[in-house]
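Just below is one structure, and these are the notes that go with it.
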Amino acid sequence: MKLTFIPYFPKEVWVIFIGTFLTRSCFFMIWPFITILMRNNYGMTPMEIGVMMSVSLIASISFGYLFGGASDKYGRRTLIILGVLAAILSFSMLALANSPGWYFIGILLNGISRSLIEPASKAVISDILHDRQERERALNIRYFLMNVGAALGPLVGVALGLTAQKATFFVTALSFLCYLILVLVVFKPGYGKDTRNATFSFLGSLRIIWNDQAFKVLVVANILVMLVYGQIDVTLPQYLMISKVHSPEYLLSVLIFVNAATVITLQYFTERFTRNMTLALKTSLGVFFLALSQIVFLLVSSESWGLWLVAMFLLSLGEVILFPTLNIQIDRMAPANLKGAYFGAATFYEFGLALAPFIGGFLLQQGGGSALYAVMFFLCIGVIVLYSISEKISEKRTITA
């Protein structure tokens, strides 16, 4: 495959790419270790830390539609700049915080900054690239850069001795400052006037989205996807501990590496392999591997690491096929003048991530790993059914925006 298409992306798309990679890398220098800082500096309990993190996520989800819609009305440039400024303030506040209260405000502001930046950034790509194949390739590249940044950030932080240090927050704030400068230089004042929806109404667009049955079914399906995938963050480590597997902490680090390495190394090949597939087939294939991983997790043994590694590889393969399609699904479904609102409303699927620790923990406590992964497998089957229903409804739907 020739990569000559890359230089032909407009400079605005390159700014999104560079900003995504830069800020994501610096963000993950510190974010995985923030709980250590909160515990060591302020003696906060796991419950208190969990509540703060959950509130940040819920804030990001809740404001997603509002700010996504605002980008339709007031322009992508304005919302991205506001989001980057909020991120700079958030990380500076976290660097200077001297009490749990200030930490809470900083973390909350961080969630709000994500809801300002994410929908508008995706909508920029959708606005500029009119060719569907190029647009979807750009969304895939952005997703790939997010994963590379997430994988490299902690490693760079460890190598530079920056992990679990408050000063790292300033480094992250500096990365967002660089992103801000790029946006101000490339996105000139008045940028995107032709894509703004002057007649945009929050209530009107909400009514359109609410009446879009295909979109609602799709969001429910993606909530379930995130519920299944989210088990690797909190529930899987607990499952490792109770399974009495040898060296569970080391195995967990290996599994995290397998996940990151699979996503980074296979995305190019899976994108090439599935390029001529229909979106429906591609999503079904991704969910198939996700479901297969749950079966293998169900069969794992405390005596061998082999099945654990196979299960994580299959889950990661499902992720690398399925997750890039999530934004493509929304891009194809959204009316041209409501891209921001749809991308914003689509963040509701992250409720699956918020619910994952609670539902996973309950199933693990009540029925062990067998109950947990059996339920997750059947949820994957439900996702395939919901995707099929959404596609059938979408084929018949008409939207007046």
Side-chain angles (χ1 to χ4, degrees), residues 16 54-76 78-80 82-83 86 111-127 135-136 139 142-143 146 192 195-227 229-230 279 283 322-356 383 386-387 389-391 393-395 397-401:
I16 298 298
S54 296
V55 169
S56 174
L57 179 59
I58 291 171
S60 178
I61 297 168
S62 301
F63 284 106
Y65 163 72
L66 180 65
F67 293 143
S71 77
D72 287 326
K73 186 175 181 66
Y74 302 109
R76 320 299 186 203
T78 301
L79 272 293
I80 292 175
L82 288 174
I112 293 173
S113 74
R114 289 200 306 272
S115 63
L116 281 160
I117 296 171
E118 286 294 310
S121 297
K122 296 171 189 173
V124 165
I125 294 174
S126 188
D127 291 340
R135 187 166 65 243
E136 294 178 358
L139 289 169
R142 181 179 180 274
Y143 174 76
M146 290 175 65
T195 60
R196 294 182 192 177
N197 184 355
T199 61
F200 178 86
S201 163
F202 286 102
L203 290 178
S205 64
L206 183 61
R207 191 178 302 112
I208 290 170
I209 292 172
W210 180 255
N211 290 330
D212 190 342
Q213 301 300 324
F215 178 76
K216 286 196 294 186
V217 173
L218 180 64
V219 169
V220 172
N222 288 340
I223 287 174
L224 296 182
V225 167
M226 292 301 166
L227 176 58
Y229 180 79
L279 186 61
T283 54
L322 177 62
F323 280 28
T325 71
L326 301 184
N327 289 325
I328 295 171
Q329 293 169 344
I330 306 305
D331 178 70
R332 291 189 181 185
M333 194 170 284
N337 60 343
L338 290 177
K339 293 286 188 181
Y342 267 74
F343 277 122
T347 59
F348 280 110
Y349 65 63
E350 293 185 9
F351 273 118
L353 293 176
L355 292 172
V383 168
L386 289 173
Y387 278 157
I389 293 172
S390 177
E391 184 184 18
I393 298 173
S394 186
E395 290 173 353
R397 90 203 227 281
T398 57
I399 292 181
T400 302

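Heads up: numbering here begins at 1 and tracks the sequence.
Between Arg135 and Ser126, the shortest heavy-atom contact is CD-CA, 3.4 Å. When all heavy atoms are compared, the tightest approach of Pro119 to Gly68 is CB-CA, 3.9 Å. Across Ser71 and Gly340, no two heavy atoms sit closer than the pair OG-CA, 3.7 Å. The minimum heavy-atom distance between Leu353 and Gly230, with the atom names listed, is CD2-CA, 3.9 Å. Contact record, Leu116 with Ala120: O-CB, 3.7 Å, taken as the closest heavy-atom pair.
Atom OG of Ser115 is separated from atom CG of Leu66 by 8.0 Å, given to the nearest 0.5 angstrom. Rounding to the nearest 0.5 angstrom, the gap separating the CG atom in Leu279 from the CE atom in Met333 is 9.0 Å. Rounded to the nearest 0.5 angstrom, Leu218 CG and Ile330 CD1 are separated by 4.5 Å. Of the inter-residue distances, the one linking Ser390 atom OG with Gln213 atom CD reads 10.5 Å to the nearest 0.5 angstrom. With rounding to the nearest 0.5 angstrom, the CZ atom of Phe351 is 13.5 Å from the CE atom of Met226. Taken to the nearest 0.5 Å, the OH atom of Tyr229 stands 14.0 Å off from the CG atom of Asn222.
One finds a salt bridge joining Asp127 and Arg76 here, because a Lys/Arg side-chain nitrogen approaches an Asp/Glu carboxylate oxygen to under 4.0 Å. A salt bridge links Arg142 with Glu118: the distance from a Lys NZ or Arg NE/NH1/NH2 to an Asp or Glu carboxylate oxygen falls below 4.0 Å.
Defined by atom type and a distance below 3.5 Å, a donor-acceptor pair is missing between the side-chain atoms of Asp72 and Tyr342.
Leu326 has its side chain within reach of Gln329: a pair of non-hydrogen atoms, C-beta onward, lies under 4.5 Å apart. Considering only heavy atoms from C-beta on, Phe343 comes within 4.5 Å of Asp331 through its side chain. Counting only heavy atoms from C-beta outward, the side chains of Val124 and Ile80 approach each other to under 4.5 Å.
Remark: of the listed residues Val217, Val219, Asn211, Val219 is the sole one forming a side chain to side chain contact (heavy atoms under 4.5 Å, CB included) with Phe215.
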